[in-house]
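Accompanying notes for the structure given below.
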Amino acid sequence: MKVKAFGKINLTLDVVGRRQDGYHLLDTVMQTVSIWDELEIQTGREKGVHLECNRESLPLDSKNTVYRAAKFFMEDQGLENESLSIYIHKFIPTRSGMGGGSADAAAVLRGLNELYDAKLPQEKLMELGAKVGADVPFCVGGGAARCTGTGTQVAPAPMMPSCWLVVCKPPAGMSTPRAYALLDQYPLSSTQATPRMMDALNAGNLRRVAKGLANRFDETIRMNQVRGVKRGLLEAGAMGAMMTGSGSGVYGIFEAEQQARSAMRQMEGYGKVFLVRPCTGV
């Protein structure tokens with residue numbers, strides 16, 4: 001069977017606290033977008049989970065989110081003696097802040113739920129996903145949501161108004177642990193953008209959404225290439241531009257497709273550029 005794993009962007013990302021165990025407390029709005037990886041899942045011959053991928057740089061063992069998600073599902077359902085073969089076709093850029101690894105983990109949970117006719121409710125899949133990573137519960141359901149706590153508490157939000165998003169991934173990138181280490185050198189978010197973003201989404205006002213974009217990582221990491229991409233997108237006519245997640249992908253919001261495609265041409269040379277739209281992810 002084949003399963004799509006849709007990427008996401010963060011419209012806002014406030015860091016509002018730190019737990020004693022070192023985990024950060026977030027208040028973020030995420031939106032699924034129309035770029036995806038594709039997973040091919042088959043039952044195999046050798047016991048265990050066996051991965052292949054079109055990107056040689058990705059690990060194919062317990063360091064891979066798909067591997068861990070599959071293992072958690074199999075253990076939960078008493079399927080440890082089963083054999084799985086999973087091929088991951090990667091299209092979402094790595095280290096872009098678009099949640100590719102989380103999306104892949106969520107997709108394999110949905111796929112296995114169907115393959116084995118387990119009939120697990122979405123809440124159970126989200127619970128299993130939270131063991132893999134903070135963004136996985138959101139990716140299980142997709143669409144738009146406000147995520148709090150460590151990111152695993154997911155509440156549905158209104159979808160972004162219809163628009164076009166030009167995404168540019170510059171060559172520079174940063175691991176999430178490194179991004180959090182840099183963030184820890186600064187105070188927590190002083191003004192919280194997420195409540196204002198929720199108001200804009202509830203009003204269905206694209207201009208307010210574009211003006212309300214915010215990301216604490218964008219404020220603290222300060223990568224020159226990210227700054228250059230944001231500036232380029234705004235000069236190309238974007239209503240608003242922001243880094244997503246811990247970067248280094250940056251998106252710009254456009255009302256019209258023609259505007260967005262013109263901006264894509266202007267962004268050549270900044271990095272990998274592609275066009276997406278907000279979507280439900282299902």
Side-chain angles (χ1 to χ4, degrees), residues 5-16 24-36 92-103 106 133-161 163 165-170 173-176 179-180 182-183 188-189 191-201 206 208-223 226-227 229-230 233 238-253 274 276-281:
F6 287 84
K8 58 82 180 171
I9 58 169
N10 294 79
L11 298 179
T12 62
L13 202 169
D14 292 322
V15 180
V16 298
H24 294 75
L25 300 176
L26 310 178
D27 193 0
T28 178
V29 177
M30 291 195 271
Q31 169 67 60
T32 303
V33 293
S34 59
I35 182 172
W36 61 85
I92 300 171
T94 54
R95 294 193 174 185
S96 65
M98 299 190 75
S102 297
D135 289 347
V136 181
F138 165 77
C139 293
V140 166
R146 182 178 185 174
C147 303
T148 54
T150 57
T152 58
Q153 297 171 27
V154 181
M159 291 274 290
M160 279 185 81
C163 64
L165 302 162
V166 175
V167 183
C168 180
K169 166 65 175 73
M174 184 173 295
S175 69
T176 301
Y180 272 109
L182 284 173
L183 183 132
L188 300 171
S189 299
T191 57
Q192 288 161 28
T194 297
R196 293 194 301 277
M197 180 57 68
M198 290 298 297
D199 289 342
L201 290 172
L206 184 61
R208 283 177 60 187
V209 169
K211 289 186 180 299
L213 303 177
N215 184 339
R216 188 59 177 150
F217 285 112
D218 186 67
E219 298 167 4
T220 57
I221 293 175
R222 301 179 180 178
M223 280 190 279
V226 168
R227 290 177 174 178
V229 170
K230 285 177 67 178
L233 285 167
M239 300 167 66
M242 186 55 59
M243 188 176 82
T244 178
S246 57
S248 60
V250 180
Y251 62 91
I253 298 177
F274 46 98
V276 301
R277 303 198 75 184
C279 66
T280 61

(Q) Ignoring hydrogens, what is the shortest heavy-atom contact between Ala134 and Pro137? Give both atom names and the distance. (A) O-CD, 3.5 Å
Q: Begin with the C-alpha distance, continue with both residues' side-chain angles, and end with the deciding distance and a verdict on side chain to side chain contact (heavy atoms under 4.5 Å, CB included) for Lys230 and Asp218.
A: CA-CA 10 Å; Lys230 285 177 67 178; Asp218 186 67; 2.7 Å; yes
Q.
Tell me whether the rings of Tyr180 and Phe217 are parallel (<30°), tilted (30 to 60°) or perpendicular (>60°).
A. perpendicular
Q) Which atom pair, heavy atoms only, marks the closest approach of Cys163 to Leu206? A) CB-CD2, 3.7 Å
Q) If only atom types and distance count, is the side chain of Arg196 paired as donor or acceptor with the main-chain N or O of Gly212 below 3.5 Å? A) no
**Q.** Any side-chain heavy-atom pair of Val250 and Thr244 under 4.5 Å
**A.** no
(Q) Quick one, Arg222 with Leu182, criterion side chain to side chain contact (heavy atoms under 4.5 Å, CB included). Give me CA distance, side-chain angles, the key distance, then yes/no. (A) CA-CA 10 Å; Arg222 301 179 180 178; Leu182 284 173; over 6 Å; no
Q. What are the two closest heavy atoms between Ala5 and Ala103, and how far apart are they?
A. CB-O, 3.4 Å
Q) What is the distance from atom CE of Met242 to atom CG of Leu233, rounded to the nearest 0.5 Å? A) 11.5 Å
**Q.** Heavy-atom check, side chain of Cys168 versus side chain of Val166, under 4.5 Å
**A.** no
Q) Does the side chain of Met30 reach to within under 4.5 Å of the side chain of Thr28, using non-hydrogen atoms? A) yes
Q) Under the criterion side chain to side chain contact (heavy atoms under 4.5 Å, CB included), which of Leu183, Leu26, Asp14, Thr12 is the partner of Arg216? A) Leu183
Q) Leu213 pairs by side chain to side chain contact (heavy atoms under 4.5 Å, CB included) with which of Ile9, Val29, Leu11? A) Leu11
Q) Looking at side-chain heavy atoms only, is the closest gap between Leu165 and Pro278 below 4.5 Å? A) yes
Q) Would a distance-only check, ignoring hydrogens and angles, find a side-chain to backbone donor-acceptor pair under 3.5 Å from Gln192 to Val16? A) no
Q) Atom OG1 of Thr194 and atom CG of Leu201: how far apart are they, to the nearest 0.5 Å? A) 10.0 Å
Q) Are Met160 and Ile253 side-chain neighbours, meaning at least one heavy-atom pair lies under 4.5 Å? A) yes
Q: Would you check, one step at a time, whether the test side chain to side chain contact (heavy atoms under 4.5 Å, CB included) holds for Arg95 with Ser248?
A: CA-CA 6 Å; Arg95 294 193 174 185; Ser248 60; 5.9 Å; no
(Q) So Thr32 and Cys139, do their side chains get closer than 4.5 Å, heavy atoms only? (A) no
Q. How far does CZ of Phe138 sit from OG of Ser102, to the nearest 0.5 angstrom?
A. 10.5 Å
Q. Roughly how far, to the nearest 0.5 Å, is the CE atom of Met243 from the NZ atom of Lys169?
A. 11.0 Å
Q. Does the pair Lys8 and Met98 meet the rule for a side chain to side chain contact (heavy atoms under 4.5 Å, CB included), with working shown?
A. CA-CA 5 Å; Lys8 58 82 180 171; Met98 299 190 75; 5.7 Å; no
Q. Is a donor on one side and an acceptor on the other found under 3.5 Å between the side chain of Asn215 and the backbone of Gly245?
A. yes
Q. Atom CD of Gln153 and atom SG of Cys147: how far apart are they, to the nearest 0.5 Å?
A. 9.5 Å
Q: Look up atom OG in Ser96 and atom CZ in Phe274, then write down how far apart they are to the nearest 0.5 Å.
A: 6.0 Å
**Q.** Pairing residues for Arg146 by the side-chain hydrogen bond (donor to acceptor under 3.5 Å, both in side chains) criterion, not counting sequence neighbours
**A.** Asp27
